[in-house]
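Let me begin by presenting the structure, written as C-alpha cells, before commenting on it.
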Amino acid sequence: MDSVIKAVVVFFVLWGIIRVSGRRTLGEMTSFDFVLLMIIGGSTQRAITGQDYSLTNALLLVATFVALDIGLSIVEIKSPVLRRILNAAPMMLVENGYLMTRRMRRARVTEDNILEAARRLHGLERIEQIKFAILEATGEITIVPSVQGGSVAPQARPR
Amino acid sequence: MDEFASRRYPINEDMAFQRRSWIVERAGWVLLVAIAAAGLSGVLGNGPASWQTVRAGTLSVAYERFQRATRVSPIVFTVAPASGNETTLHVSAPFQRDFEFSSIQPPPLRTRAGPDGLDLTFAAQPGAPGRIVIWAHSRRYGLSRITAAVDGGAAASFWIFIYP
C-alpha cells in the first residue's frame with residue numbers, strides 16, 4: 001500500500017518542484033541542469049523503493065507512474081485550464097526582430113540562449129533576422145525566421 | 001507597444017495567467033529555500049533543533065526528537081553510579097513496537113520482554129556512571145511516546161517524531 005502512496009507523493013512533489021523552478025530547468029539543458037537531473041533520479045529512487053526489491057514492487061511502481069501519466073494527459077485534454085496549470089504556456093520573447101527584454105528577464109532567458117537556438121535551428125546570425133522567438137512549454141526556444149531571411153523592417157520598439 | 005500585453009499570433013498568450021504563474025514560482029523558490037533551511041536546522045531530523053536531553057532522577061536520555069524513517073539514530077542513556085554489579089534499563093512498549101534496534105552498546109547480559117516493555121540488564125561497575133547507547137531506526141511514521149527508567153527509578157518520558 002505504501003509503495004503506491006509514496007509513488008504518487010513523489011510524482012506530484014517532483015512535478016511541483018520542477019514546475020516551480022521555471023521552464024529554464026527543462027529545456028536548453030546546461031551542465032548544471034544535467035547534474036540536477038541525475039541527482040533527482042538517484043535521490044528519489046531509494047526513497048520510493050525503500051528496502052523492497054521485489055519484482056512485484058517494481059511492477060507496482062511502474063504501473064502507478066504510467067497510470068498517473070495517462071490520467072494527467074486525459075485531464076489535460078478535457079480541461080484547458082488544468083492544461084495551463086499542469087504545463088506552462090508558450091511565450092513570445094522576440095517580436096519582429098526586437099528582444100522583449102522584460103519578459104526575458106522574468107523567464108530567465110538570455111540573448112545568448114535565443115541566438116544559440118537561432119543558429120542551431122535556422123543558421124541565423126543576428127536577432128534582427130528573427131521574426132518570432134518563442135519560449136515553448138517544454139522550455140525549448142523555437143524560432144520563426146523573417147520571410148526574406150534578412151533583417152526585418154524596423155518597428156516601434158516594445159516599451 | 002506593451003511588452004506584457006498578450007499576443008495573439010502566432011501563439012495565443014494569456015499574460016495575466018503568466019504573471020500569476022511567476023508569482024507562484026517565486027513563492028515556490030522561497031519554500032524550497034525554507035525546506036533546505038529546515039533541513040540544516042534539524043527540524044527535519046539530524047541537527048541542532050533535533051537533539052534533546054531529558055532527565056529524571058539519576059537517568060539522563062539524549063536523543064533526536066525529529067527522526068526520519070530508516071535512518072539509524074543513537075539514543076544515549078546515562079545512568080548514575082549503580083550500587084550492584086548490574087543495572088537494568090526499562091524501555092516502554094512503544095519503543096519496542098516502533099523501533100528496530102541495530103545495535104546496543106554495551107551488549108546486555110540478558111533481556112526480558114513483557115507487556116509493559118523491554119528490560120535490558122547490563123553489567124555495571126559499582127560507583128561508576130554508566131552509558132548505554134541504543135542505535136535504532138523506526139519503520140513507522142508519526143509520533144512515538146516513550147518512557148525509560150533505570151533500576152525501577154524515576155521514568156524519563158519523551159516523544160520522537162518520525163518523518164516518512
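Just so it is clear: chains get the letters A, B, ... in the order the sequence lines come, proteins before strands, and each one is counted from 1. Note that the coordinates shown come from a computational prediction; the quantities given were computed from them, not determined experimentally.
One hydrophobic cluster, built from ILVMFWY side chains closer than 4.5 Å, cannot hold both B:Ile160 and B:Phe66; they sit in different ones. B:Leu143 and B:Tyr141 are members of different hydrophobic clusters when ILVMFWY side chains are connected at heavy-atom separations under 4.5 Å. Taken together through direct or relayed side-chain contacts under 4.5 Å among Ile, Leu, Val, Met, Phe, Trp and Tyr, A:Leu86 and A:Val20 form parts of separate hydrophobic clusters. When hydrophobic clusters are built by joining Ile, Leu, Val, Met, Phe, Trp and Tyr residues whose side-chain heavy atoms come closer than 4.5 Å, directly or via intermediates, B:Ile104 is grouped together with B:Leu59.
Side-chain contact check for A:Arg106 versus B:Glu3: every heavy-atom pair is 4.5 Å or farther apart. Contact annotation: the side chain of B:Pro10 approaches that of A:Ile134 to within less than 4.5 Å [non-hydrogen atoms, C-beta and beyond].
Within 6.0 Å of the CZ atom in B:Arg131, the count of heavy atoms belonging to other residues, nucleotides or ligands does not exceed 12. Heavy atoms of other residues, nucleotides or ligands lying less than 6.0 angstrom from CZ of A:Arg46 number 12 at most. Within 6.0 Å of CZ in B:Arg140 there are more than 12 heavy atoms belonging to other residues, nucleotides or ligands.
Among residues 28-48 of chain B, the residues having any heavy atom closer than 4.5 Å to a heavy atom of chain A are, in sequence order, B:Gly28, B:Trp29, B:Leu32.
For A:Asp112, the side chain to side chain donor-acceptor pair (under 3.5 Å) criterion is met by no residue, not counting sequence neighbours.
Note that OH of B:Tyr9 and CE of A:Met92 are 9.5 Å apart. Values are rounded to the nearest 0.5 Å. Taking CD of B:Gln18 as the reference point, atom CE of A:Met91 lies at 5.0 Å (rounded to 0.5 Å).
Contacts between B:Ala5 and chain A at a heavy-atom distance below 4.5 Å involve the backbone alone (N, CA, C, O).
When all heavy atoms of A:Arg103 and B:Trp22 are compared, the closest pair comes out as O-CZ2, 4.4 Å.
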